[in-house]
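Note that the structure is predicted; figures quoted are calculated from it, not measured. Residues take their numbers from the sequence shown, with the count starting at 1.
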Amino acid sequence: MIVVRPESYRQFPAGRHQFVLVLEKALADSFQIESAQRYEKCATVAVEPGRPLADVLRSEVPEGSDVLVIAGTDALLTAPTVEIGPGRTVAALRMGTGPLALDQTRSLLEALERTDPDEVERRAAKLTAALETAGGVQIEDPLTGSVAKLTTTHPNWTRSDLGVFKPGSVQLAPTGRLRLGADTTGTAFSGQVAVKGWPVVRSRTDGDARRHELYEQLTGLSHYPLVLTVEDGEVTDLKAAATGSGTAAAALESLFAEHPDHSMVSGIEFGLSTASQPLPFNTEANSASAGKAQASVHLVLGSLPQTPYQLTLACSTSTVTAAGSTEPLAGTGTEAGGERPRRRMNRVTAANCGCH
C-alpha cells in the first residue's frame, strides 16, 4: 500500500480546504490518503479507463480543491485551462510501466514530500541573476572535450516549472525545471554537446507506442555518452563516445530523418530539485533533479506540440558557465569538491556503432 501524505506537500499553496487524489481505477486499491490537518476533507476519485481529466474535474472535483493526479495515461495528466478553473491547483504525477511501476511511484511521492519550494526558487533566482546580462552560456565536457556556446541578446526563459504549484493549470511533478530558450530571436547555439544520463521523452498524442520505443532506445545514454554537433541550433552530426551509445545515435538519426524538426535544439533545461533523483524510467524527475550539483543541465530537442516528440537529454558530465566567466553555474563543476578530473575518451566512429 502506498501512502499519500497531503500534509507533507509544501508545493500546494496554503488556504485550501479540500484535497482530492485522482487515480486510474485499476490503481485505487494500491493507494490510501493519510489524514491531514490542513484540509477539512480528503477524497479519492477512481477514474474509469478512457475518461479525460477535464471530465473528472468538471463532475467530481469541487472548485477550490488541491488535486494530485497519479496516472500513466496522458488523458489524465492534462486538461484545458478553462476546465481547471482558477480555483483548483492540479499536480500530475506520471507513473512508470511494468512490474516496478508502483515502487517507482512511491519514490516520486517521497520526492514530493522532501521538496522545499523555497530552496528551488532560490536556486532559480541565483541562476537567472547570473545570466541576466551575461550574453549567453558555455557548456563544456572534459570527458569528451566537447564545448558548445549559446549566445543571446537577452535570456528567454521559455519554461519556469519551479517549486510551488500554481492554480489554474496542470503541473507535472516533480517540479524544479527552468528552461533557457535556444530557438528564439536573437539567440544562436553552436558547438559540440555530450549527452549522458537518463532521458525524458514526451509525445503530443496519448498512447504513443513509439514514445516508449524511443525512450528504450535512448536508455544506453544512462551509462554511455553521445556527442552531438550543433550548427546554428541544428544537430548536424552524432558520434558515440563509447560503443554503448550507438543504439541511441541510430534512434536519433532515424527520428531526424523522419521528422527533421526534432534535430533543432529548442532549449537548455536546468534541474533544480535536490529532493528528486534520476530514475530508470520515463519520468519528469530525470530533468528536475539537480543531483549533487547546484543545477543539472539538459539539452532539449524538438518542441511540443509543433513536433511529435520532445526529447530532454541529460548532460551529466558537463559544466555550464556564463559567457566570459569561469565560475561554474550548473553541472559537475558545481558538485561538492568541484569538477572531477576525467580521462578524455576516444570517440567511436566505426560504421557498426549506429552513428556513422
Side-chain angles (χ1 to χ4, degrees), residues 1-48 51-73 75-95 101-121 160-177 272-276 283-285 288:
M1 181 68 66
I2 297 176
V3 179
V4 175
R5 298 182 171 89
E7 195 78 46
S8 300
Y9 305 147
R10 289 170 284 176
Q11 301 97 310
F12 284 109
R16 302 301 173 84
H17 302 293
Q18 179 156 328
F19 177 87
V20 180
L21 175 65
V22 177
L23 297 166
E24 296 174 19
K25 187 173 183 179
L27 302 173
D29 293 337
S30 299
F31 292 82
Q32 68 178 29
I33 302 177
E34 183 179 83
S35 60
Q37 292 183 355
R38 66 180 287 190
Y39 296 105
E40 296 175 0
K41 182 180 180 181
C42 293
T44 298
V45 176
V47 181
E48 295 283 353
R51 282 189 71 192
L53 180 58
D55 181 45
V56 175
L57 294 174
R58 187 168 49 245
S59 60
E60 300 190 53
V61 178
E63 277 281 348
S65 298
D66 287 342
V67 185
L68 177 62
V69 181
I70 300 176
T73 59
L76 278 178
L77 295 170
T78 187
T81 300
V82 66
E83 299 291 353
I84 299 167
R88 298 187 186 95
T89 300
V90 184
L93 193 152
R94 188 187 303 274
M95 291 190 66
L102 289 176
D103 289 334
Q104 293 165 346
T105 303
R106 181 182 286 108
S107 295
L108 293 176
L109 286 170
E110 290 171 351
L112 288 186
E113 294 175 20
R114 294 191 299 268
T115 297
D116 180 351
D118 292 335
E119 180 194 17
V120 174
E121 293 279 1
S160 180
D161 177 13
L162 301 177
V164 177
F165 299 139
K166 297 178 178 62
S169 64
V170 179
Q171 290 144 104
L172 290 174
T175 56
R177 291 173 291 270
L272 304 166
S273 174
T274 58
S276 303
T283 169
E284 277 71 17

So Gln104 and Thr283, side chain to side chain donor-acceptor pair (under 3.5 Å) or not? Walk me through it.
CA-CA 10 Å; Gln104 293 165 346; Thr283 169; over 6 Å; no
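- Listed for the Ser276 side chain is no donor-acceptor partner under 3.5 Å among the backbone atoms of Ser273.
- Taking each heavy atom of Leu102 and Ser30 in turn, the nearest pair found is CD1-OG, 3.9 Å.
- Separating the OG1 atom in Thr115 from the OH atom in Tyr9 is a distance of 10.5 Å, to the nearest 0.5 Å.
- Nearest heavy atom pair, residue Val120 against residue Gly176, reads CG1-CA, 4.0 Å.
- Using a distance-only test at 3.5 Å, with no hydrogens or angles considered, a donor-acceptor pair links the side chain of Arg88 to the main chain of Val61.
- Using modelled atom types, no side-chain atom of Gln32 and backbone atom of Met1 make a donor-acceptor pair closer than 3.5 Å.
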Verify side chain to side chain contact (heavy atoms under 4.5 Å, CB included) between Lys166 and Gln171, making sure each step is shown before the conclusion. CA-CA 8 Å; Lys166 297 178 178 62; Gln171 290 144 104; 3.7 Å; yes
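- Formation of a donor-acceptor pair under 3.5 Å by the Arg16 side chain with backbone atoms of Gly87 is found in this model.
- Put simply, the side chain of Val22 reaches to within 4.5 Å of the side chain of Val67, judged on heavy atoms.
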Quick one: do Leu109 and Leu93 satisfy side chain to side chain contact (heavy atoms under 4.5 Å, CB included)? Show the steps, please. CA-CA 8 Å; Leu109 286 170; Leu93 193 152; 3.9 Å; yes
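- Put simply, the side chain of Pro13 reaches to within 4.5 Å of the side chain of Thr89, judged on heavy atoms.
- Between Pro86 and Pro167, the closest heavy-atom pair is O-CB, 3.4 Å.
- Without hydrogens or angle criteria, Arg106 side chain to Val3 main chain gives no donor-acceptor distance under 3.5 Å.
- Closest non-hydrogen pair, Glu83 versus Ala54, comes out as CG-CB, 3.7 Å.
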| task | Could you give me the CA-CA distance, side-chain angles and deciding distance for Leu162 and Thr175, then say whether side chain to side chain contact (heavy atoms under 4.5 Å, CB included) is met? | result | CA-CA 6 Å; Leu162 301 177; Thr175 56; over 6 Å; no
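- Residue Ile33 holds its CD1 atom at 13.0 Å from CD1 of Ile2, rounded to the nearest 0.5 Å.
- Rounded to the nearest 0.5 angstrom, Thr274 OG1 and Glu119 CD are separated by 3.5 Å.
- Here the straight-line distance linking atom OG of Ser169 with atom CD1 of Ile84 works out to 6.0 Å at 0.5 Å rounding.
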Q.
Test side chain to side chain contact (heavy atoms under 4.5 Å, CB included) on Leu23 and Val45; report intermediate values, then the result.
A. CA-CA 6 Å; Leu23 297 166; Val45 176; over 6 Å; no
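- Interatomic distance, CG of Leu108 versus CD of Glu113, reported as 11.5 Å (0.5 Å rounding).
- How far CD of Glu284 is from CG of Leu77: 8.0 Å, rounded to the nearest 0.5 Å.
- Phe19 and Tyr39 have tilted rings, their planes meeting at an angle from 30° to 60° on a 0 to 90° scale.
- Put simply, the side chain of Ser65 never gets that close to the backbone of Val20: no donor and acceptor are under 3.5 Å apart.
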Begin with the C-alpha distance, continue with both residues' side-chain angles, and end with the deciding distance and a verdict on salt bridge (charged side-chain N to carboxylate O under 4.0 Å, His left out) for Arg51 and Glu24. CA-CA 9 Å; Arg51 282 189 71 192; Glu24 296 174 19; over 6 Å; no
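- Minimum interatomic distance between Arg38 and Glu7 (heavy atoms only, all atoms of both residues): N-OE1, 3.2 Å.
- The minimum heavy-atom distance between Asp161 and Leu172, with the atom names listed, is OD2-O, 3.7 Å.
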